[in-house]
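Data block below; observations after.
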Amino acid sequence: MSIDTEVRPADAESIARAAELLRQGELVAMPTETVYGIAADARNGEAVSKIFVAKGRPQDNPLIVHVTGPEMLHGLVSEVPERAQLLMAAFCPGPLTIIMPRGPEVAAECCAGLDTVGIRMPSHPVARAVIEASGCAFAAPSANLSGKPSPTNAQDVFTDMDGRLPLILDGGECDWGVESTVVSVVGEKPTLFRPGHITLEDLERALGEEVEVSKAILEKLPEGAVVRSPGMKYKHYAPKADVTLLDGTFEQFKAYVDAHAAENPSCLCFTGEAEKLGVPCVEYGREGDGADQAKHIFRSLRALDEQGDAVVYARCPQKDGLSMAVYNRLIRAAAFRVIKL
């Protein structure tokens, strides 16, 4: 059954409407500082199930629960470990998700059968206003069809979600452009499960200890592996085109693209490089500037679809600092096809 989807500016009246829908067990898409998300009341399993249907998302992919602050954690988590307290003091509200032991009130549908739950405190004024107006902690993944690039504006949400949910709040472009950093504080050592705007180095500084990096960040997970965080699956964030990452200098990249001209390739490249390549291109940020690349990567992947590209060669970003988040998203968009030049 198709739903009439309304896109409304994120003003006080629309926020009140969003809050009402959430309390009624409906879905609402809205901006956060990272990407746009689809929200449902995290304590209402039936409502949370609607997210999986709207996205076509596998049920074994956990969802992140959004709250305004630590005062909302009661019942959602069974304990707040000391490491979580340190991280919240350093980075919350902000683009950080902390995996903690789950509490009795969070809907099982949020947790994909795990004994943990990811908690995030968004800094975006619209997301915070909706939580405050509704009184609901909400579960929210990115507001795209499963496997497609995450949306960073309301129009991209509408492209994917028209007819699948009643309301999209338009709060303009997102600030950061890649999803939150996900870190687990359950177990012996803190572990980074998804890189984002808060880097590995930031986490280690705040905790005063080494943070393990999950193998799944830079490598393909084995078939049937249990995932503790969203974004760890095999192919994710992907445009329709076959994307291959080329790891090398610009000169090596250009030579490779020229040698494969018969494939009519397009390129995903850094700012200022398109004019030197002689094929259709989308630029995704300045070379070496992880923040600029992160802000543009998902819109750029969607632009490849809008051009109808079939074969895409992509410039490989660095793999450290904030660039690790961009590399992590790109290798998934490329289904782990990376060629070392």
Side-chain angles (χ1 to χ4, degrees), residues 1-67 106-112 118 120 122 124-174 177 179-180 230-231 236-238 298-299 302 305:
M1 185 182 82
S2 184
I3 300 165
D4 284 340
T5 300
E6 222 184 336
V7 181
R8 290 168 58 159
D11 55 23
E13 190 186 331
S14 301
I15 285 165
R17 174 72 184 134
E20 184 186 7
L21 285 166
L22 284 175
R23 285 194 298 268
Q24 290 169 355
E26 296 298 336
L27 304 182
V28 178
M30 70 186 83
T32 74
E33 70 276 27
T34 57
V35 298
Y36 274 68
I38 299 179
D41 178 357
R43 289 178 168 87
N44 180 340
E46 207 176 303
V48 173
S49 293
K50 292 178 182 177
I51 292 176
F52 291 92
V53 175
K55 280 179 65 79
R57 181 185 176 100
Q59 296 280 349
D60 64 350
N61 207 352
L63 302 177
I64 291 165
V65 176
H66 295 63
V67 297
V106 66
E109 288 80 356
C110 294
C111 303
R120 176 158 126 66
H124 197 287
V126 173
R128 294 182 69 79
V130 172
I131 297 169
E132 280 161 13
S134 65
C136 297
F138 62 69
S142 54
N144 52 288
L145 290 171
S146 191
K148 294 247 317 230
S150 302
T152 53
N153 60 52
Q155 181 54 53
D156 287 346
V157 179
F158 187 75
T159 299
D160 279 16
M161 289 294 143
D162 183 21
R164 292 169 177 262
L165 48 76
L167 179 62
I168 298 168
L169 293 180
D170 186 349
E173 282 286 336
C174 297
E179 299 86 351
S180 59
H236 215 63
Y237 318 113
F298 288 137
R299 176 86 285 280
R302 283 179 174 263
D305 274 352

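Index from 1, following the sequence.
For the side chain to side chain contact (heavy atoms under 4.5 Å, CB included) test, residues two or more places apart in sequence or in another chain that qualify with Ser14 are Arg8, Asp11, Leu169. For Pro166, the side chain to side chain contact (heavy atoms under 4.5 Å, CB included) partners two or more places apart in sequence, or in a different chain, are Ile3, Leu21, Glu26. Judged as a side chain to side chain contact (heavy atoms under 4.5 Å, CB included), and not counting sequence neighbours, the contacts of Ala107 are Val48, Glu109, Cys110. Partners of Asp170 by side chain to side chain contact (heavy atoms under 4.5 Å, CB included), not counting sequence neighbours, listed by chain and number: Val7, Tyr36, Ala154. The salt bridge (charged side-chain N to carboxylate O under 4.0 Å, His left out) test applied to Arg17 returns Glu20, not counting sequence neighbours.
Nearest approach of Phe52 to Asn61, heavy atoms of both residues: CE2-O, 3.6 Å. Across Thr34 and Cys174, no two heavy atoms sit closer than the pair O-CB, 3.3 Å. Shown here for Ile51 and Ala39, the closest heavy-atom pair between the two residues is CD1-C, 4.4 Å. Taking both residues in full, the closest heavy atoms of Pro149 and Ala238 are given as CD-O, 3.3 Å, listed atom of the first, atom of the second, then distance. In plain terms, the two heavy atoms of Ala127 and Pro31 that are nearest each other are CB-O, 3.7 Å. Of all heavy-atom pairs spanning Pro62 and Arg57, the tightest one is O-NH2, 2.9 Å.
Paired with Val35 under the rule side-chain contact (heavy atoms from CB on, under 4.5 Å), one option of Asp156, Thr152, Asn144 passes, and it is Thr152.
Listed by first then second residue, pairs satisfying ring pair (Phe, Tyr, Trp, His ring centres under 6.0 Å) with a partner in residues 132-168 read His66-Phe138, not counting sequence neighbours. Residue pairs meeting the salt bridge (charged side-chain N to carboxylate O under 4.0 Å, His left out) criterion with at least one member in residues 135-154, sequence neighbours excluded, are Lys148-Asp160.
Between the OG atom in Ser150 and the CD atom in Glu179 there is a gap of 3.5 Å [rounded to 0.5 Å]. Note that CD of Glu6 and CG of Leu165 are 11.5 Å apart. Values are rounded to the nearest 0.5 Å. To the nearest 0.5 Å, atom CG of residue Leu167 and atom CE of residue Met30 are 8.5 Å apart.
Counting heavy atoms from C-beta on, the side chains of Lys55 and Leu145 never come closer than 4.5 Å. Contact annotation: the side chain of Ile131 approaches that of Pro122 to within less than 4.5 Å [non-hydrogen atoms, C-beta and beyond]. For the pair Met161/Thr5, no side-chain contact is recorded, criterion being any heavy-atom separation below 4.5 Å from C-beta on. Between Val28 and Val130, the closest side-chain pair of non-hydrogen atoms is not below 4.5 Å.
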Going by atom type alone, with no hydrogens or angles, which donor-acceptor pairs under 3.5 Å involve a side-chain atom of residues 40-47 and a protein atom two or more places apart or on another chain?
from  : atom 1 : to     : atom 2 : distance (Å)
Asp41 : OD1    : Arg43  : N      : 3.0
Arg43 : NE     : Glu105 : OE1    : 2.7
Arg43 : NH2    : His74  : O      : 3.4
Arg43 : NH2    : Glu105 : OE1    : 3.0
Asn44 : OD1    : Glu46  : N      : 3.1
Asn44 : OD1    : Ala47  : N      : 3.0

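Looking only at atom types and distance, the side chain of Arg120 has a donor-acceptor partner in the side chain of Thr32 under 3.5 Å away.
A donor-acceptor distance shorter than 3.5 angstrom exists from the side chain of Arg164 to the backbone of Ala54, with no hydrogens or angles considered.
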